[in-house]
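Remarks on the structure that follows.
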Protein chains: 2
Amino acid sequence: MLRDAGLRVTDTRVAAIAALHVLPHSGVDTILDAVGDALPATSRQSIHNVLTDLVAAGLARRIEPAGQPGLYELRVGDNHHHIVCQRCGAVADVDCVTGHAPCLTPSQTSGFDLAEAEVTFWGTCADCSAAMAARVDAGSPR
Amino acid sequence: MLRDAGLRVTDTRVAAIAALHVLPHSGVDTILDAVGDALPATSRQSIHNVLTDLVAAGLARRIEPAGQPGLYELRVGDNHHHIVCQRCGAVADVDCVTGHAPCLTPSQTSGFDLAEAEVTFWGTCADCSAAMAARVDAGSPR
DNA sequence: CGCTACCTTTTGACAGAGTCAAAACAAGCC
DNA sequence: GGCTTGTTTTGACTCTGTCAAAAGGTAGCG
């Protein structure tokens, strides 16, 4: 898979891909922790390098919800979208209705040459909804 | 306008709003420069405070396209979207087709309580398209 | 008009995330 | 096995934004 993309097969890259497979929508630090279990000498910079290379090779995708560090995922090429929890930052995938980019066309483009539409849904995840409901039940709302 | 929102009317705030009116989709530094023309003693932190207050009061909105610092605009309440140039970062408004949030509904919510859909279009602005075309014409593509 | 209370602005230190560059190292080819 | 070139490490640095406390100004009241 790495070889097909013209990248050398190294421990760091294999470990990073494995980590991303188990933990999609992870940031650099999360991947670093996961990779560190097997390769404790790995530096944060290496993770940055690996992830940047994967994105450049089209093997990974980087998303950057407002107010959060960059997150990476291996699911590429299907132009899907994301729903992000406004409270805890949890991210889940949302399938694209049309399946190909751009899945949406703006009413006017202001002279822009359109490439892609990125949709981010914002809401509250199940855990946070439950936590908020519990607080209201306990008598200390807001 | 500030008074209506329960905020005190100060030079800094008036100048910041005026700057935002002339330069929509501006970041903190751009506003600071503009405000600095009339009020040279203004600090970057003050601009942060003012803009944060405006957003909290519902007078401004903050957007944060991936890879760019936060940008602010006065156009609020109509749930419109943005198209961003992938090359130079220029931002233009795009009217929302439905006019109210969420303008889109995901096919599945993964247990999330949906609040809003944010759409960002990515493309190339007219200036950058022209610049790229000119470079191709000159014989040095990419 | 002047005083007081509270909201704003300033100042300065700090944290998070990411970039840049050069040296040390290892994968893949001959 | 040795060489070439791509990777990883190390460490300094930039950019953006946050936190906290002191100084300053606005607005309401007498």
Side-chain angles (χ1 to χ4, degrees), chain A residues 1-19 25-57 59-72 84 88-89 91, chain B residues 1-19 25-57 59-72 84 88-89 91:
Chain A
M1 160 172 173
L2 281 167
R3 230 175 292 267
D4 287 350
L7 294 174
R8 288 189 181 169
V9 180
T10 66
D11 293 346
T12 313
R13 286 179 178 167
V14 172
I17 290 176
H25 310 130
S26 291
V28 169
D29 282 357
T30 306
I31 301 295
L32 177 59
D33 285 349
V35 169
D37 290 346
L39 305 167
T42 310
S43 66
R44 179 169 291 108
Q45 180 64 50
S46 296
I47 304 297
H48 267 289
N49 289 344
V50 168
L51 294 174
T52 303
D53 290 346
L54 291 179
V55 171
L59 297 178
R61 180 176 162 197
R62 177 193 169 106
I63 63 170
E64 204 171 319
Q68 285 194 59
L71 305 177
Y72 295 84
V84 184
C88 73
V91 178
Chain B
M1 161 176 174
L2 281 167
R3 230 176 291 267
D4 286 350
L7 295 173
R8 290 191 179 168
V9 180
T10 66
D11 292 347
T12 314
R13 287 177 177 168
V14 172
I17 291 176
H25 310 129
S26 292
V28 170
D29 282 357
T30 306
I31 301 295
L32 178 59
D33 285 349
V35 170
D37 289 347
L39 307 167
T42 310
S43 66
R44 179 168 291 109
Q45 181 64 49
S46 296
I47 304 296
H48 268 288
N49 289 344
V50 168
L51 293 174
T52 302
D53 290 346
L54 290 180
V55 171
L59 297 179
R61 182 176 161 196
R62 178 192 169 108
I63 62 171
E64 204 170 318
Q68 286 193 59
L71 305 177
Y72 296 84
V84 183
C88 73
V91 177

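Below, chain A is the first sequence line, B the second, and so on; all start at residue 1.
- Between A/Arg62 and the phosphate of C/dG18, there is a side-chain N or O to OP1/OP2 separation shorter than 4.0 Å.
- Taking 4.0 angstrom as the limit, A/Thr12 places a side-chain polar atom (N or O) nearer than this to OP1 or OP2 of D/dT8.
- Here the CG-CD1 distance, from A/Leu54 to A/Ile17, works out to 5.0 Å after rounding to the nearest 0.5 Å.
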Close N/O contacts between protein and nucleotides 11-13 of chain D (under 3.5 Å):
none

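- Rounded to whole Å, the distance from CD1 on B/Ile31 to P on D/dT16 is 14 Å.
- In this model, the phosphate group of C/dC7 is not approached by any side-chain N or O of B/Thr10 to a distance below 4.0 Å at OP1 or OP2.
- Expressed to the nearest 0.5 Å, how far OG1 of A/Thr42 lies from CG of A/Asp33 amounts to 11.0 Å.
- The CZ-P distance, from B/Arg44 to C/dT10, rounds to 13 Å in whole Å.
- Protein atom CG of B/Leu39 is 12 Å distant from nucleotide atom C1' of C/dT9, rounded to whole Å.
- Nearest-nucleotide assignment on DNA chain D puts the 5′-proximal partner with A/Ser43, out of B/Leu71 and A/Ser43.
- In this structure, B/Asp11 atom CG and D/dT26 atom C1' are separated by 11 Å, rounded to whole Å.
- Per the geometry, CG belonging to B/Leu32 stands 12 Å off P belonging to C/dT11, to the nearest Å.
- Here the CG-OG1 distance, from B/Asp53 to B/Thr12, works out to 11.0 Å after rounding to the nearest 0.5 Å.
- Interatomic distance, B/Leu32 CG to B/Asp37 CG, rounded to the nearest 0.5 Å: 10.0 Å.
- At a threshold of 4.0 angstrom between heavy atoms, the contacts of B/Ser46 include nucleobase atoms, whether or not backbone atoms are also involved.
- Nearest to the side-chain atoms of A/Asn49 among the listed nucleotides D/dG17, C/dG18, D/dT8 stands D/dT8.
- Taking atom CD1 of residue A/Ile17 and atom P of nucleotide D/dT7, one finds them 12 Å apart after rounding to whole Å.
- Among the protein residues, B/Gly70 comes within range of the sugar-phosphate backbone only, with heavy atoms under 4.0 Å from sugar or phosphate atoms but none that close to a base.
- When the nucleotides C/dA17, D/dT9, C/dA27 are ranked by their closest atom to the side chain of A/Arg8, C/dA27 comes out on top.
- Remark: C1' of D/dC15 and CD of A/Glu64 are 13 Å apart, rounded to the nearest angstrom.
- Rounded to an integer number of Å, the gap from B/Leu51 CG to D/dT18 P is 11 Å.
- In this structure, CG on A/Asn49 lies 7.5 Å from OG on A/Ser43, to the nearest 0.5 angstrom.
- Heavy-atom contacts from other residues, nucleotides or ligands closer than 6.0 Å to CZ of A/Arg62 number more than 12.
- In terms of modelled atom types and a separation under 3.5 Å, the side chain of B/Arg13 and the main chain of B/Arg8 share a donor-acceptor contact.
- A close approach under 4.0 Å does occur between a side-chain nitrogen or oxygen of A/Arg13 and OP1 or OP2 of D/dT7.
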